[in-house]
Amino acid sequence: MIEGEIINLRAIEREDVPTAHRWVNDPDVIHWLTMMIPISTVEEEKWFESTLDRPNDHHYAIETKDGTYIGGLGIHAIDWSARKAMLGIFIGEKEYWGKGHGTDAIKTALKVAFDQLGLHRIWLFTYDFNERAQKSYEKCGFKLEGRFRDDKYHEGKYHDSVVMSILEDEWREMQ
Ligand SMILES: CC(C)(COP(=O)(O)OP(=O)(O)OC[C@H]1O[C@@H](n2cnc3c(N)ncnc32)[C@H](O)[C@@H]1OP(=O)(O)O)[C@@H](O)C(=O)NCCC(=O)NCCS
């Protein structure tokens, strides 16, 4: 259990799979994510099993202080030589959007990344229309790095992806 201000990060358990399966089939949630087609229960279970064999991808469940499971966060593709990784996050319970839980989860994960894992650079991308995510990342100290042009085809239009990152010394200055 890793404690944030208003959330905790914990390991993902098999019992979480049905809830996560509901989220990744909710059009309002996947609107913001890379997945596009319905995900079966079997696929979701296989995804859970695959997390057990991927030491360079750290997956966390996000829960409120009263233990409600509300989303997931990953520190992905950890490169121990360049000491970098990619962060991914989603709050699946929609009533928790815009209430600071995602932002607190990211801040908590950055502390893990820089103070526990010894990483140097955390990067991420989001779609240009995801203003809430960009604001959240800025609040956590991420800086705009560039754009992947026409990276997402969404509702009949191409959209850029916005690439952001934070370096260890930038994060330390904010503490
Ligand atoms: C993106 C996400 C992680 C942000 O976490 P959060 O805890 O909801 O974010 P916050 O509540 O701290 O809000 C961040 C900022 O966005 C603003 N905001 C909230 N809702 C907004 C909306 N619908 N549109 C634009 N800005 C919005 C807030 O005002 C806040 O800025 P402020 O603190 O200066 O007022 C979370 O909303 C989420 O998981 N969304 C769905 C999935 C997703 O988009 N994942 C990211 C994919 S890259």
Side-chain angles (χ1 to χ4, degrees), residues 2-10 12 16-39 44 47 51 57-78 84-114 119 121-155 157-166 170-171 174-175:
I2 301 160
E3 297 202 4
E5 295 264 316
I6 59 170
I7 57 85
N8 293 327
L9 299 180
R10 62 159 174 79
I12 299 180
D16 296 326
V17 169
T19 306
H21 178 247
R22 170 167 59 81
W23 294 335
V24 297
N25 283 287
D26 181 337
D28 294 339
V29 175
I30 61 176
H31 171 81
W32 309 105
L33 306 178
T34 50
M35 59 230 355
M36 289 168 76
I37 54 169
I39 310 256
E44 191 63 19
W47 172 83
T51 65
D57 286 293
H58 294 190
H59 295 274
Y60 301 93
I62 304 169
E63 60 178 29
T64 59
K65 292 292 180 185
D66 68 4
T68 307
Y69 174 43
I70 60 167
L73 182 145
I75 300 175
H76 298 292
I78 301 174
K84 66 179 180 180
M86 188 187 85
L87 189 136
I89 179 166
F90 76 105
I91 301 292
E93 292 298 347
K94 293 178 271 188
E95 67 267 33
Y96 288 93
W97 289 352
K99 295 181 178 164
H101 294 78
T103 299
D104 191 39
I106 297 163
K107 286 181 178 170
T108 307
L110 288 178
K111 189 165 169 49
V112 172
F114 293 127
L119 297 177
R121 164 186 157 82
I122 301 294
W123 74 280
L124 51 74
F125 72 93
T126 188
Y127 300 127
D128 57 5
F129 54 83
N130 198 343
E131 287 174 24
R132 181 174 51 214
Q134 288 164 61
K135 280 190 196 166
S136 170
Y137 302 149
E138 277 166 17
K139 284 202 290 183
C140 297
F142 283 83
K143 294 189 170 149
L144 179 65
E145 201 160 81
R147 303 172 83 86
F148 296 142
R149 294 180 303 150
D150 284 1
D151 193 42
K152 164 92 168 167
Y153 190 66
H154 183 68
E155 294 173 0
K157 272 178 66 184
Y158 284 102
H159 294 270
D160 291 354
S161 287
V162 174
V163 182
M164 303 176 81
S165 67
I166 181 166
E170 294 165 349
W171 178 77
M174 292 176 66
Q175 305 313 300

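In listed order, ligands and their atoms are each counted from 1. What you see is a predicted model, and the numbers here were worked out from it, not measured in a lab. Hydrogens, waters and symmetry mates are skipped; everything else that's a heavy atom, side chains included, is used.
Neither the backbone nor the side chain of Val29 has any atom closer than 4.0 Å to an atom of ligand 1 (non-hydrogen atoms only).
Counting only heavy atoms, the protein never gets under 4.0 Å from atom 29 (O) of ligand 1. Within the 4.0 angstrom cut-off, atom 38 (C) of ligand 1 has one or more protein heavy-atom neighbours. Under the 4.0 angstrom criterion, atom 5 (O) of ligand 1 counts as having a protein heavy-atom contact.
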Give the intermediate values and the outcome of ring pair (Phe, Tyr, Trp, His ring centres under 6.0 Å) for residues His31 and Tyr127. CA-CA 10 Å; His31 171 81; Tyr127 300 127; 9.0 Å; no
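At the shortest separation from atom 45 (N) of ligand 1 among protein heavy atoms lies Ile89 O, 3.0 Å. In terms of protein heavy atoms, atom 44 (O) of ligand 1 is closest to Asn130 ND2, 2.8 Å. Ranking protein heavy atoms by distance to atom 8 (O) of ligand 1, first place goes to Gly98 N, 2.8 Å. At the shortest separation from atom 7 (O) of ligand 1 among protein heavy atoms lies Gly102 N, 2.7 Å. Looking only at protein heavy atoms, the nearest one to atom 43 (C) of ligand 1 is Trp32 CB, 3.6 Å. At the top of the distance list for atom 40 (N) of ligand 1, counting protein heavy atoms only, stands Trp97 NE1, 3.7 Å. Of the protein's non-hydrogen atoms, Thr103 OG1, 3.4 Å is the one closest to atom 9 (O) of ligand 1.
Classification of the Tyr69-Trp23 ring pair by plane angle, with boundaries at 30° and 60°, yields tilted.
Between Thr126 and ligand 1, not a single N/O pair is under 3.5 Å apart. Checked against a 3.5 angstrom limit, the closest N/O atoms of Ile106 and ligand 1 fall outside it. Between Ile91 and ligand 1, a contact under 3.5 Å exists for at least one N or O pair.
Within the 4.0 Å heavy-atom shell around ligand 1 one does not find Tyr127. Contact analysis puts Gly100 in contact with ligand 1, with a non-hydrogen atom separation below 4.0 angstrom. Using a 4.0 angstrom heavy-atom cutoff, Tyr137 counts as in contact with ligand 1.
Ligand 1 places these atoms under 4.0 Å from at least one heavy atom of Phe90: 39 (O), 42 (C).
Of the options His31, Arg132, Lys107, Glu131, the smallest heavy-atom separation from atom 19 (C) of ligand 1 is shown by Arg132. Nearest to atom 16 (O) of ligand 1 by heavy atom, out of Met164, Lys135, Lys139, is Lys135.
The OG atom of Ser136 lies 9.0 Å from the CE atom of Met164; values are rounded to the nearest 0.5 Å.
In this structure the side chain of Gln134 never reaches within 4.5 angstrom of the side chain of Phe142, judged on heavy atoms.
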